[in-house]
Amino acid sequence: MSKVSIVGAYNSKFGSLVQRNRETGEITDLKSIYDLLVEAGRGALANAGVDAKEIDGVWVGSCAPGLFANQEHLAAFATEIDPEHLRFKPMTRCEDACASGTVALYDALYAVESGRAKAALVVGVEKMNLLDTKGVTHALATCSYWPEEGANAVSFPCLFAEYAKGYGAHYKLEGEPLARMLATVAALGYVNGLDNPLAHFGKGGPSDKLGLVTAEAILNLPAEKNPVIAEPLRLHDCSLVTDGAAALVIMRTEDAVKAGKKAVEIAGIGHVNERLPMSVRPNMHELMAGKEAVRRAFAEARIAIADVDMAEVHDCFTINQLLSTEALGLSQDGRAGYDYLEGRFTRDDAHCAVNLSGGLKAKGHPVGATGTSMHALLYKQLVGEAIGATLTRKQPQIGVAFNVGGSAVTNCVTVLRRVK
Ligand code: COA
């Protein structure tokens, strides 16, 4: 099987890219889903130095554009990235909830590995803020097992609250100890987000204005500034509702090297599905399928966790950052919270930094774009063009993306390695 590399990437500015009239509730779109898709696609091609005529297919990851922006059949619009050269090429949308972007990358990867496509463009995009919170909560809930979960008003915060309760009970951390661990994770995201110019909550943003750079600052917020969303998860445990897009260009590593591209190889992947209904899972204190995805990705890449310099993990809720950190093997089971409390996984970490981008907590979480964004920002780090915070001790060589869809149902782990 030929190995495949990312040779260019682009990440749009993330944020709530709308204007809301507070009196009338009217929403004006400042950057549409179409603008975002085209911007990211063109940006990645330019970054790769690849002409659209060399692209044999476009894969678009988007979670629920029909519900969020009234647009199904979204991939077809990717022709507008370059109508002259992309018209008549295959365009495919991939949907696996919040892992849609990574799944789009994997489908493009299969096409390039097989030789059917020589080069492919992958775009992840989501426009969430045309809806109010109720609408967003409903759209996201359609990614749950509807008959048991969404239909019974079990939202995504509620689903991940089950993991938080399960983890707290199993490791006897309920109450203040777990709250402090989760706030530490959130604060790390906010600190890293301050250095990411593309972040939704970056410099001058809401978390910066409130000075939320320590767990203490978050824990000391008055209840109305950090309300319970789904016990035990509070506002600052939840990822942001974000508009944004990110894109990647991939080709075979041998072609990339011949063409003198800055290449980052997709050294290994693990794509593992958990059962959709939460009610049938044997336990709620670990990511069982996530651990298997890690095992497969690391086996394919022939690496161990000690080889990994940086990871972007799916902190859709702070509890999932603890679970992902353990699934990766960065912490022993039940120990991730203690490790974060001890100050591990910052940019100064002696072993591995986590979510240098600010993660979903600060960079933001435009659900269908999150997977491509993780890969795009890791790519930039690995080729020495980091956007925002970087590792202080060395130029990173190996990065891992751990992107989750639904209530930890779709688990995608990618090992990325700089090609010398
Ligand atoms: N984290 C921190 N602050 C947040 C926030 C979040 N997730 N969401 C909103 N805020 C802030 C806003 O900046 C605003 O601050 P201000 O009063 O200083 O201006 C304030 O909270 C109110 O914003 P609003 O948009 O009215 O919040 P909300 O109560 O409608 O929404 C959540 C809050 C948590 C419900 C929403 O962010 C959410 O649904 N997040 C999870 C998204 C999700 O499930 N994604 C998929 C994961 S699998």
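Remember, it's 1-based here, ligands and their atoms both numbered in the order they're listed. The figures here come from the full heavy-atom set of this structure, side chains too, leaving out hydrogens, waters and symmetry mates.
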Measuring from non-hydrogen atoms of K361 to any atom of ligand 1, is the shortest distance under 4.0 Å? yes
In this structure, are over 12 heavy atoms from other groups packed under 6.0 Å from Q332 atom CD? no
Atom 28 (P) of ligand 1 has as its nearest protein heavy atom T133 OG1, 3.8 Å
Closest to atom 18 (O) of ligand 1 among protein heavy atoms sits K225 NZ, 3.9 Å
Ligand 1 to F317, heavy atom cutoff 4.0 Å, flagged ligand atoms 44 (O), 47 (C)
Looking only at non-hydrogen atoms, the one of L233, N320, N226, L140 nearest atom 45 (N) of ligand 1 is L140
| query | Any sub-3.5 Å donor-acceptor pair from E312's side-chain atoms to S357's backbone N or O? | reply | yes
Honestly, for S239 the part within reach of ligand 1 (heavy atoms, under 4.0 Å) is both
Closest non-hydrogen contact found for N196 with K363 is ND2-CG, 3.9 Å
For ligand 1, find out whether one of its N or O atoms is nearer than 3.5 Å to an N or O atom of H365.
no
In short, L416 meets I6 closest at the heavy-atom pair CD2-CD1, 3.9 Å
Describe, in one word, how the ring planes of H375 and Y106 are oriented to each other, choosing from parallel (under 30°), tilted (30 to 60°) and perpendicular (over 60°). perpendicular
Closest to atom 8 (N) of ligand 1 (heavy atoms only, candidates L360, L235, V136, L210) is L235
- Polar side chain donor-acceptor pair, S279 to E148, under 3.5 angstrom: yes
Shortest non-hydrogen pair, A161 vs L233, comes out as N-CD1, 3.6 Å
Closest to atom 38 (C) of ligand 1 among protein heavy atoms sits V241 CG2, 3.8 Å
4.0 Å heavy-atom contact, T137 with ligand 1: no
Here the atoms of ligand 1 under 4.0 Å from any heavy atom belonging to C98 are 48 (S)
Of F160, F156, Y190, F201, the one whose closest heavy atom lies nearest atom 13 (O) of ligand 1 is F201
Under 4.0 Å between heavy atoms, the region of C316 that gets near ligand 1 turns out to be side chain
Please check atom 5 (C) of ligand 1 for a protein heavy-atom neighbour under 4.0 Å.
yes
Note: ligand 1 atoms sitting under 4.0 Å from heavy atoms of L240 are 1 (N), 5 (C), 6 (C), 7 (N)
Heavy atoms of T410 and C412 approach each other most closely as CG2-SG, 3.9 Å
Looking only at heavy atoms, the pair that brings A164 and I319 closest together is CA-CG1, 3.6 Å
Ligand 1 atoms nearer than 4.0 angstrom to some heavy atom of H236 are 2 (C), 3 (N)
How about R281 and S407: does a side-chain donor come under 3.5 Å of a side-chain acceptor? yes
